[in-house]
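Have a look at the structure below before the remarks.
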Protein chains: 2
Amino acid sequence: MSSVLPSPEPAGGPAAVAPSFSPLYQQIKALITRSLQGGEWKPGEPIPSETELAQRFKVSQGTVRKAIDELATENLLVRRQGKGTFVATHAEEKVQFRFLRLIPDEGEAGNMPRRFLDCRRLRAPADVAKALEIKSGEPVVQVRRLLYFRDRPVVLDDIWLVGAQFKGLTAERLSELRAPLYRLFESEFGVRMIRAEEKIRAVAASGASAQLLEVPEGAPLLSVERLSYTYGNRPVEWRRGLYDTTTHFYRNELN
Amino acid sequence: MSSVLPSPEPAGGPAAVAPSFSPLYQQIKALITRSLQGGEWKPGEPIPSETELAQRFKVSQGTVRKAIDELATENLLVRRQGKGTFVATHAEEKVQFRFLRLIPDEGEAGNMPRRFLDCRRLRAPADVAKALEIKSGEPVVQVRRLLYFRDRPVVLDDIWLVGAQFKGLTAERLSELRAPLYRLFESEFGVRMIRAEEKIRAVAASGASAQLLEVPEGAPLLSVERLSYTYGNRPVEWRRGLYDTTTHFYRNELN
DNA sequence: GAGTGGTCTAGACCACGGC
DNA sequence: CCGTGGTCTAGACCACTCG
């Protein structure tokens, strides 16, 4: 009942006013998050049962439950009745394309074949550095690729990754890759994408983009800038996608 | 404990396989939803306290609580500690523009002045009828309007409403309107928008749209088709917005 | 059958808002 | 001060999964 636990601050960064009071389950939530971040339980693995965690943290099972509830709605954990609670992973069919909202007008939203254009290590330009919250000039990895639908290019992605976290990422590594990118990031580099923010605009296809996407110059394209965050609200990927929306649309739900 | 309550189905439409078991709190949730739908409690008003509802439904307070929790996360109810639980309403500054995701590159996302172009009653074209799940030819109301930012047109909206639910909606009524549209819909027609789905594309400005938005013909515009639902998952509004995204962007969060 | 998460209860106490 | 929602507990039972 008393606050035996460290870090009385609730998750989500420093608030405008210190809350001066933090519910127990928020503290538990922070502790579990820390274990996830520290890799005590790996993606796909089960975490200890609710009763076990309750004993470890010296709180009731209901309190642990509420903490896990929130982490589950934030997609950090996945509950499976009768089996246990598991660390969320990109290595699952169902959540494979959690962040790709592009749907074809006709047909299924299945896997899209892809072609990598380049993969280079370089120093971060000012705008990229600012988005990724690193210093201008620090190392980054740039990846460019195309996604196809029925043999037609539909998406041109320009991806920038924080260099420090993606040491061994090379063009060779990508060319032999069959899994989704985020799966690779998770399994090879221990970087799990938690959430993302997107800024969407309509733009006119420039010469290079038009050629790659096989559309006339000046054709309207959807520009989707995405900033992806990992544990601890740290941005690790900034990408800009150009979508040809003549046969696809971007789907969004408002609640 | 025993299922004294009617309608054992959980909310959310017919499932692929009948659940054959419905938690009590889901049944309570359905009952509360029905009261909301039936207008027992009006938008902005408080609903009975948790203990009171617990007595009425002959369940424990915790069970009512869980039902209300879900309705609150679905934005049907709003909890206010120390005061009570209230029916959500569009008549609040904070939730005023819940569905408008357009953000200016610079400056605040404040209110956008607007100008109504027309408001007509007519028979639903096939595509509109299909989206609104009514018969082709049934009455609908069409509203067209412009939204401005710093004296420049930014959004051109083409709105279609199910005629049966918006009987007294006229151009005069709109011209003297100062509140947001959804506020009017709620207070005058008893239609509250609960959730919406959007399909987003990049399109080229056609002659008429280009003129109204004061952009060159062929300029890239964001096309945002929105289908809005009210209680019971019934679609009541279909709109198509054309956004000029040279000084604004569409913001989205992925979780 | 044993172990997991899921539901439900009853009761205690805390934080907040308003009279 | 009281009534509201918010937290926490302890214990019971149910539904699901797997050996």
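Throughout, a chain's letter reflects where its sequence line sits, starting with A, and its residues are numbered from 1.
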_Given DNA chain D, 5'-ward residue of the pair Pro23(A) and Thr85(B), judged by closest heavy atom_ =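 That would be Thr85(B).
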In whole angstrom, give the distance that lies between atom [atom1] of [X] and atom [atom2] of [N].
| X | N | atom1 | atom2 | result |
| --- | --- | --- | --- | --- |
| Glu50(A) | dG3(C) | CD | C1' | 12 Å |
| Leu53(B) | dG3(D) | CG | P | 17 Å |
| Gln55(A) | dT9(D) | CD | P | 14 Å |
| Tyr25(B) | dA15(D) | OH | P | 14 Å |
| Asp69(B) | dG6(C) | CG | C1' | 15 Å |
| Gln27(A) | dG6(D) | CD | P | 19 Å |
| Gln26(B) | dG6(C) | CD | P | 13 Å |

*asked:* For DNA chain C, which residues of residues 36-47 of chain B approach it to below 4.0 angstrom with any heavy atom?
replied: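 Contacts with DNA chain C under 4.0 Å: none.
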*Is the cationic atom of Arg201(B) (NZ for Lys, CZ for Arg) positioned less than 6.0 Å from the six-membered ring centroid of Phe249(A) and within 45 degrees of its normal?*
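Judged by the rule, Arg201(B) and Phe249(A) form no cation-pi pair.
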*Test the Arg80(B)-Phe86(B) pair against the cation-pi criterion, namely NZ or CZ under 6.0 angstrom from the six-membered ring centroid and within 45° of the ring axis.*
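Judged by the rule (NZ or CZ under 6.0 Å from the ring centre, within 45° of its axis), Arg80(B) counts as positioned above Phe86(B).
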Take atom [atom1] in [X]; do more than 12 heavy atoms of anything else shown fall under 6.0 Å from it?
| X | atom1 | answer |
| --- | --- | --- |
| Glu108(A) | CD | no |
| Arg195(B) | CZ | yes |
| Arg234(A) | CZ | no |
| Glu106(B) | CD | no |

*Any side-chain N or O of Lys66(B) under 4.0 Å from OP1/OP2 of dC8(C)?*
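The answer is no; no side-chain N or O of Lys66(B) sits under 4.0 Å from OP1 or OP2.
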*Looking only at side-chain N and O atoms, does Thr63(B) come under 4.0 Å of OP1 or OP2 in dT9(C)?*
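It does, given that an N or O in the side chain of Thr63(B) lies less than 4.0 Å from OP1 or OP2 of dT9(C).
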*Answer with yes or no whether the side chains of Thr89(B) and Glu186(B) bring together a donor and an acceptor at under 3.5 Å.*
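A donor-acceptor contact under 3.5 Å links the two side chains.
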_Any side-chain donor near an acceptor of the partner, Asp69(B) and Tyr25(B), under 3.5 Å_ =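 The criterion, which ignores hydrogens and geometry beyond distance, is not satisfied for Tyr25(B) and Asp69(B).
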_Nucleotide of dT4(D), dT9(C), dT4(C) approaching Thr51(B) most closely (side-chain heavy atoms)_ =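 From the listed options, dT4(D) comes nearest.
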*When you get a sec, tell me which of dG5(D), dG6(C), dC8(D) is the closest nucleotide to the side chain of Arg65(A)?*
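Given the options dG5(D), dG6(C), dC8(D), the side chain of Arg65(A) is closest to dG6(C).
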*Among residues 73-83 of chain A, which contact DNA chain D at a heavy-atom distance under 4.0 Å?*
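Per residue number, the list reads Gln81(A), Gly82(A), Lys83(A).
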Please write out each protein N/O paired with an N/O of nucleotides 10-12 of chain D under 3.5 Å, distance rounded to 0.1 Å.
none

*Reference residue His90(A); test ring pair (Phe, Tyr, Trp, His ring centres under 6.0 Å); the match among Phe185(A), Phe97(A), Tyr182(A)*: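 That would be Tyr182(A); it is the only one of Phe185(A), Phe97(A), Tyr182(A) passing the ring pair (Phe, Tyr, Trp, His ring centres under 6.0 Å) with His90(A).
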_is_close_aromatic(His248(B), Phe149(B)), centroid dist under 6.0 Å_ =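 Yes, the ring of His248(B) comes within the 6.0 Å limit of the ring of Phe149(B), centre to centre.
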*With a 4.5 Å limit on heavy-atom distance, are the side chains of Val64(B) and Gln61(B) in contact?*
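Answer no - side chains too far apart.
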